[in-house]
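A short worksheet on the structure shown next.
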Amino acid sequence: MQGGMGSGVEFLRGAPAGVGVGSLAFAPAEGDHCMTSIYGRLAETGETVTVTLDGARIAAVEGREDGPLAGSVLGGPDVWVAPGFLDLQVNGYGGHDFNHGARADAGEVSTELEPIYALAARAGTPLLCPTVTTNSRARMVAALRALAQVLDANPDLDAATPAIHVEGPYLSSEDGPRGAHLKEEIRDPDWDEFQALQEAAGGRVRLLTLAPERPGALEFIERLVGAGVVVALGHTGAEPETIRDAVQAGARVSTHLGNGAHAQIRRHPNYIWEQLAHDGLTTTAIADGHHLPAAVVKVIARVKGAARMALVSDAVSLGGLPPGRYEGGRLEILPTGKIVLADTPYLFGAGHLLDSCVANTLRFTGCTLAEAVRMASTTPAEILGLGVHKGSVAPGFDADLTLFRLPGGEGPLEIVATLTAGKVAYRA
Ligand SMILES: [Zn+2]
């Protein structure tokens with residue numbers, strides 16, 4: 001499909017050169033008709049079906065072993081139909097940064113936010129959580145306010161944003177657990193400050209990552225949970241007992257387990273084993289092939305299972321850009337797509353989106369396609385408490401869908417179409 005709403009040219013700014021672009025921006029899947037049919041195999045069950053959409057919702061899912069109904073406009077017999085991938089952690093992509101208000105000095109980084117959604121949709125992700133990271137209160141407020149203004153003005157992007165994720169500033173200041181978060185801006189939990197962040201975001205902060213060992217963190221977790229915010233543990237060097245206390249206080253998630261950690265730790269007990277073993281914690285993991293060895297992804301997947309493991313990209317603004325040096329030579333994208341602090345082995349965020357992570361997870365863990373898709377779609381929706389209407393291709397559920405082919409059974413994924421709330425956000 002060509003056309004759409006016509007922002008394709010703008011979208012290309014900052015995107016990798018030479019990459020083909022299908023239809024971009026949000027358009028009804030079939031002109032202005034509100035009923036749309038999709039034909040393919042359900043990733044959840046393997047059944048061949050026709051999925052009928054009615055506006056933003058799925059109206060019906062019917063077995064169709066004898067071919068598509070007349071009028072089906074998307075899909076095909078070799079196309080997998082999955083609940084839309086939901087990425088809980090996206091800092092930016094393609095030269096654009098959700099933290100632009102906090103990174104105004106970062107040279108190549110654009111202040112435009114819409115292209116991040118378009119690039120994510122092209123990679124099969126119709127739903128994402130913009131992630132705002134550690135900075136001064138003023139800069140975090142500025143980033144959240146700018147984001148809220150964009151979402152207020154664009155209902156399609158708002159529908160693609162089930163939550164804003166705030167990662168920091170209440171994290172460990174130790175080297176290792178701190179990761180790439182700014183040391184001088186890391187601080188103790190502050191309820192007044194959180195309220196200012198939440199107000200700037202228009203109430204959209206529904207996931208917050210913190211380190212539970214910071215003074216006041218346990219009471220802060222209780223207040224966040226009381227306010228409807230999902231609390232994740234991350235960038236932490238906490239003792240196992242503190243991890244358990246945090247879960248007792250209401251924390252439910254581990255953020256990118258195995259990253260944002262010391263390079264060397266006591267073999268046991270430690271915060272990784274504790275979070276891995278705790279049945280009260282669902283974990284996220286970065287399966288980009290750089291952040292975790294394949295064996296670690298496999299162990300997390302086997303221990304937690306697909307119902308308690310969500311794939312996140314943790315993509316950053318340099319993701320998707322050509323290899324080379326950026327930001328005055330401080331950062332480098334290697335030919336493999338790995339993003340590092342130049343001349344060091346240290347990672348500076350991820351350059352791949354969930355389509356890569358799903359394919360990697362299939363290869364690294366030996367899980368089924370249904371399990372990998374659950375980790376990309378259903379479990380993240382459940383983490384946000386949205387599992388009653390997102391994360392399954394079923395009647396009454398939101399029509400957020402990812403359609404793809406899987407050559408050879410393990411990818412890489414070929415994205416066929418991405419729909420957000422019944423509208424085509426990308427079509428190859
Ligand atoms: Zn992080």
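In what follows, residues are counted from 1 in the order of the sequence shown.
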Would the distance check show the side chain of [X] and the main-chain N or O of [Y] forming a donor-acceptor pair, the cut-off being under 3.5 Å?
{"X": "His262", "Y": "Gln264", "result": "no"}
{"X": "Trp273", "Y": "Arg267", "result": "yes"}
{"X": "Asp54", "Y": "Arg57", "result": "no"}
{"X": "Thr402", "Y": "Gly124", "result": "yes"}
{"X": "Thr365", "Y": "Thr361", "result": "yes"}
{"X": "Thr344", "Y": "Tyr346", "result": "yes"}
{"X": "Lys304", "Y": "Leu281", "result": "yes"}
{"X": "Asn270", "Y": "Arg266", "result": "yes"}
{"X": "Gln198", "Y": "Val205", "result": "yes"}

Please examine the side chains of [Y] and [X], heavy atoms only from C-beta on, and report whether any two atoms are closer than 4.5 Å.
{"X": "Thr255", "Y": "Leu233", "value": "no"}
{"X": "Pro83", "Y": "Lys390", "value": "no"}
{"X": "Asn360", "Y": "Val297", "value": "no"}
{"X": "Asp279", "Y": "Arg308", "value": "yes"}
{"X": "Val51", "Y": "Val393", "value": "yes"}
{"X": "Leu208", "Y": "Leu224", "value": "yes"}
{"X": "Met309", "Y": "Thr379", "value": "no"}
{"X": "Asp175", "Y": "Lys183", "value": "yes"}

Using a 3.5 Å cut-off and no angle test, enumerate the donor-acceptor pairs between side-chain atoms of residues 351-359 and protein atoms at least two apart in sequence or in another chain.
none

Is [Y] paired with [X] through a side-chain N to carboxylate O contact shorter than 4.0 Å?
{"X": "Lys423", "Y": "Asp400", "answer": "no"}
{"X": "Arg252", "Y": "Glu382", "answer": "no"}
{"X": "Arg204", "Y": "Asp152", "answer": "yes"}
{"X": "Arg41", "Y": "Glu47", "answer": "no"}
{"X": "Glu371", "Y": "Arg374", "answer": "no"}

If you take all heavy atoms of [X] and [Y], which pair is closest and at what distance?
{"X": "Ser377", "Y": "Phe85", "result": "OG-CD2, 3.3 Å"}
{"X": "Arg206", "Y": "Thr161", "result": "NH2-O, 4.3 Å"}
{"X": "Ala200", "Y": "Val141", "result": "CB-O, 3.7 Å"}
{"X": "Ala285", "Y": "Leu292", "result": "CB-CD1, 4.2 Å"}
{"X": "Ser392", "Y": "Ile58", "result": "O-CD1, 4.0 Å"}
{"X": "Leu419", "Y": "Leu403", "result": "CD1-CD1, 4.5 Å"}

Fill in: Verdict with supporting geometry, Tyr271 and Leu257, side chain to side chain contact (heavy atoms under 4.5 Å, CB included)
CA-CA 9 Å; Tyr271 49 82; Leu257 188 62; over 6 Å; no
Any side-chain donor paired with an acceptor under 3.5 Å for [X] and [Y]?
{"X": "Asn91", "Y": "Asp314", "answer": "yes"}
{"X": "Asp87", "Y": "Ser313", "answer": "yes"}
{"X": "Thr134", "Y": "Glu167", "answer": "no"}
{"X": "Thr236", "Y": "Glu213", "answer": "yes"}
{"X": "Tyr117", "Y": "Thr420", "answer": "no"}
{"X": "Ser173", "Y": "Arg178", "answer": "no"}

Worksheet item: With sequence neighbours left out, which residue pairs that include part of residues 221-257 fulfil the ring-ring contact (aromatic ring centres under 6.0 Å, His included) condition?
Response: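 The answer is His181-His235, His235-His256.
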Test side chain to side chain donor-acceptor pair (under 3.5 Å) applied to [X] - qualifying residues, sequence neighbours left out:
{"X": "Thr378", "value": "none"}
{"X": "His389", "value": "Asp398"}
{"X": "Thr282", "value": "none"}

From [X] [atom1] over to [Y] [atom2], what is the distance, rounded to the nearest 0.5 angstrom?
{"X": "Leu157", "Y": "Leu151", "atom1": "CG", "atom2": "CG", "result": "6.5 Å"}
{"X": "Leu182", "Y": "Leu171", "atom1": "CG", "atom2": "CG", "result": "10.5 Å"}
{"X": "Leu347", "Y": "Asn259", "atom1": "CG", "atom2": "CG", "result": "7.5 Å"}
{"X": "Trp80", "Y": "Leu413", "atom1": "CH2", "atom2": "CG", "result": "11.0 Å"}
{"X": "Leu86", "Y": "Ile383", "atom1": "CG", "atom2": "CD1", "result": "9.0 Å"}
{"X": "Thr125", "Y": "Leu119", "atom1": "OG1", "atom2": "CG", "result": "11.0 Å"}

Item to complete: Flag yes if more than 12 heavy atoms outside Glu241 fall under 6.0 Å of its CD atom; otherwise flag no.
Response: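 No, CD of Glu241 has 12 or fewer neighbouring heavy atoms, counting only those of other groups under 6.0 Å.
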Worksheet item: Is it the case that more than 12 heavy atoms not belonging to Gln195 sit under 6.0 Å from its CD atom?
Response: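 More than 12 within 6.0 Å, yes.
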Discussion item. If you apply the rule side chain to side chain contact (heavy atoms under 4.5 Å, CB included), what do you find for Ser317 with His96, and how did you get there?
Written reply: CA-CA 5 Å; Ser317 59; His96 307 273; 5.9 Å; no
Item to complete: Determine, step by step, whether Glu239 and Arg244 satisfy the salt bridge (Lys or Arg N to Asp or Glu O under 4.0 Å) criterion, reporting the C-alpha distance in whole Å, the side-chain angles of both residues, the deciding distance to 0.1 Å, and the verdict.
Response: CA-CA 9 Å; Glu239 289 299 322; Arg244 294 193 291 273; over 6 Å; no
Practice prompt. Might you work through the side chain to side chain contact (heavy atoms under 4.5 Å, CB included) test for Leu311 and Thr284, ending with a clear yes or no?
Written response: CA-CA 6 Å; Leu311 300 175; Thr284 72; over 6 Å; no
Fill in: Worked verdict on Glu193 versus Arg187 for salt bridge (Lys or Arg N to Asp or Glu O under 4.0 Å)
CA-CA 11 Å; Glu193 177 174 72; Arg187 49 198 180 266; 2.9 Å; yes
Fill in: Residue pairs involving residues 286-303 (criterion side-chain hydrogen bond (donor to acceptor under 3.5 Å, both in side chains); sequence neighbours excluded)
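Residue pairs passing side-chain hydrogen bond (donor to acceptor under 3.5 Å, both in side chains), neighbours aside: Asp288-His291.
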Discussion item. Could you go through Phe98 and Thr131, starting from their C-alpha distance and side-chain angles, then the distance that decides it, and tell me whether this counts as side chain to side chain contact (heavy atoms under 4.5 Å, CB included)?
Written reply: CA-CA 7 Å; Phe98 287 123; Thr131 301; over 6 Å; no
